[in-house]
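Everything below concerns the one structure shown next.
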Amino acid sequence: MSPMLRTDRLYDFVVAMTHLANAHGDAEDAMLERARPLLADLIAKDDWLPEPFTRPDATRYSQYLLHCDPLERFSLVSFVWGPGQRTPVHDHGVWGLVGMLRGSEISIPYTRSEGQPALRAGAPERLTPGCIEAVSPRLGDIHEVANALDDRPSISIHLYGGNIGAVRRHVFDPVTGASKMFVSGYSSGVVPNFWQHARS
Ligand code: FE
């Protein structure tokens, strides 16, 4: 690990999020509003993410757990997209904030029209470093995400209002509207050690 790596910034983020969760619990509006500047601050500089959590996989996008609140009120995940990789159309079931750290990704929102089984794609949104996108069952929870770059990896940092790797959620066939339950899990069983930088 590089001695210059600012894992103390990850530590500070987790501490601040823990205080937020203590103060606002499962109040989605308050959590989304107050967590956004914390995430913005974390992704403002690409100087804190340990290298093992930046590695693309040749076969599919990676979801590395960085931290899960012991009470499962929030979790933080590093999403690493290999060139050209994309998700299926999916939902989350909890609130989420997606912050772009490195490279670029494209998110396409989907909505359901009354009485129509098919999902309708909205305007694609391109995220560049520093951009944050919000999702939740209330705000709009269904989207499809892809690496916008076909020649290198992209990395986004995802904050969710639960232990996202264990949440029962859905993938969709946008043409038929058919959905299938899935649980994403995480790509690795290890988490970064930011405690060595904790204040004494
Ligand atoms: Fe998503």
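Heavy atoms only: backbone and side chains are in, while hydrogens, waters and symmetry mates are out. Both ligands and their constituent atoms are indexed starting at 1 by order of listing.
Counting only protein N, O or S atoms closer than 2.8 Å to the Fe ion (ligand 1) gives 3.
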**OP:** Please report the C-alpha distance between Leu119 and Val89 in whole Å, then the side-chain angles of each, then the deciding distance to 0.1 Å, and finally whether the side-chain contact (heavy atoms from CB on, under 4.5 Å) criterion is met.
**Re:** CA-CA 10 Å; Leu119 298 177; Val89 179; 4.1 Å; yes

Original post:
Please walk me through it: do Val94 and Ile164 pass side-chain contact (heavy atoms from CB on, under 4.5 Å)?
Top reply: CA-CA 8 Å; Val94 293; Ile164 192 65; 3.9 Å; yes

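Counting non-hydrogen atoms of other residues, nucleotides and ligands closer than 6.0 Å to CZ of Arg168 gives a total of 12 or fewer. The environment of CG in Asp173 is crowded: more than 12 heavy-atom neighbours from other residues, nucleotides or ligands sit within 6.0 Å.
The ring-ring contact (aromatic ring centres under 6.0 Å, His included) with His158 is formed by just one residue from the set Trp81, Tyr61, Tyr186, Phe79; it is Phe79.
Qualifying side chain to side chain contact (heavy atoms under 4.5 Å, CB included) partners for Thr18, counting only residues two or more places apart in sequence or in other chains: Val14, Asn22, Arg73, Phe74.
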